[in-house]
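A quick note: this is a predicted structure, and the numbers were derived from the prediction, not measured.
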Amino acid sequence: IREFSRDVDSSELSWHRDHADRHVKVRSGKSWCLQLENSLPVKLIPGNSYFIPARTYHRVIKGKSDLVVEISEN
């Protein structure tokens, strides 16, 4: 489980990549987005899951409330 505060400084939400595939399930949050390299941002919708392939640059874009996600790795 990972939580992001609505008050987080946007500079802390930088582009990065992970060594393993990740499945991200959104538990709660309003107006947050996920952006993968070479793609437009996608709104994160509570209840939905998103796949981030290993070694793919990505970032989270700040929303209007706290974001809570459940992350699992392959």
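The shortest non-hydrogen separation linking L13 to R59 is O-CB, 4.0 Å. Considering every non-hydrogen atom in both L40 and Q35, the closest pair reads C-CG, 4.2 Å. Counting all heavy atoms, side chain and backbone alike, S10 lies closest to K62 at OG-CD, 3.8 Å.
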Pair I1-R27, side-chain contact (heavy atoms from CB on, under 4.5 Å): steps then yes or no: CA-CA 9 Å; I1 305 294; R27 288 190 165 188; 3.3 Å; yes
Take H58 and E37, measure what side-chain contact (heavy atoms from CB on, under 4.5 Å) needs, and give me the verdict at the end. CA-CA 6 Å; H58 62 281; E37 64 182 326; over 6 Å; no
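Under the 4.5 Å side-chain heavy-atom criterion for grouping Ile, Leu, Val, Met, Phe, Trp and Tyr, V42 is connected to L36 within one hydrophobic cluster. Placement of F51 and L34 in two distinct hydrophobic clusters is found when ILVMFWY residues are connected by side-chain heavy-atom separations under 4.5 Å, directly or transitively. When hydrophobic clusters are built by joining Ile, Leu, Val, Met, Phe, Trp and Tyr residues whose side-chain heavy atoms come closer than 4.5 Å, directly or via intermediates, L44 is grouped together with V24. Grouping the Ile, Leu, Val, Met, Phe, Trp and Tyr side chains by contacts below 4.5 angstrom, directly or via other members, places I45 with I71. Note on I61: it does not cluster hydrophobically with Y50, by side-chain heavy-atom contacts below 4.5 Å among ILVMFWY residues.
Side-chain contact check for L67 versus V26: some heavy-atom pair is nearer than 4.5 Å. By the 4.5 Å heavy-atom criterion applied to side chains, K43 and W32 are not counted as neighbours.
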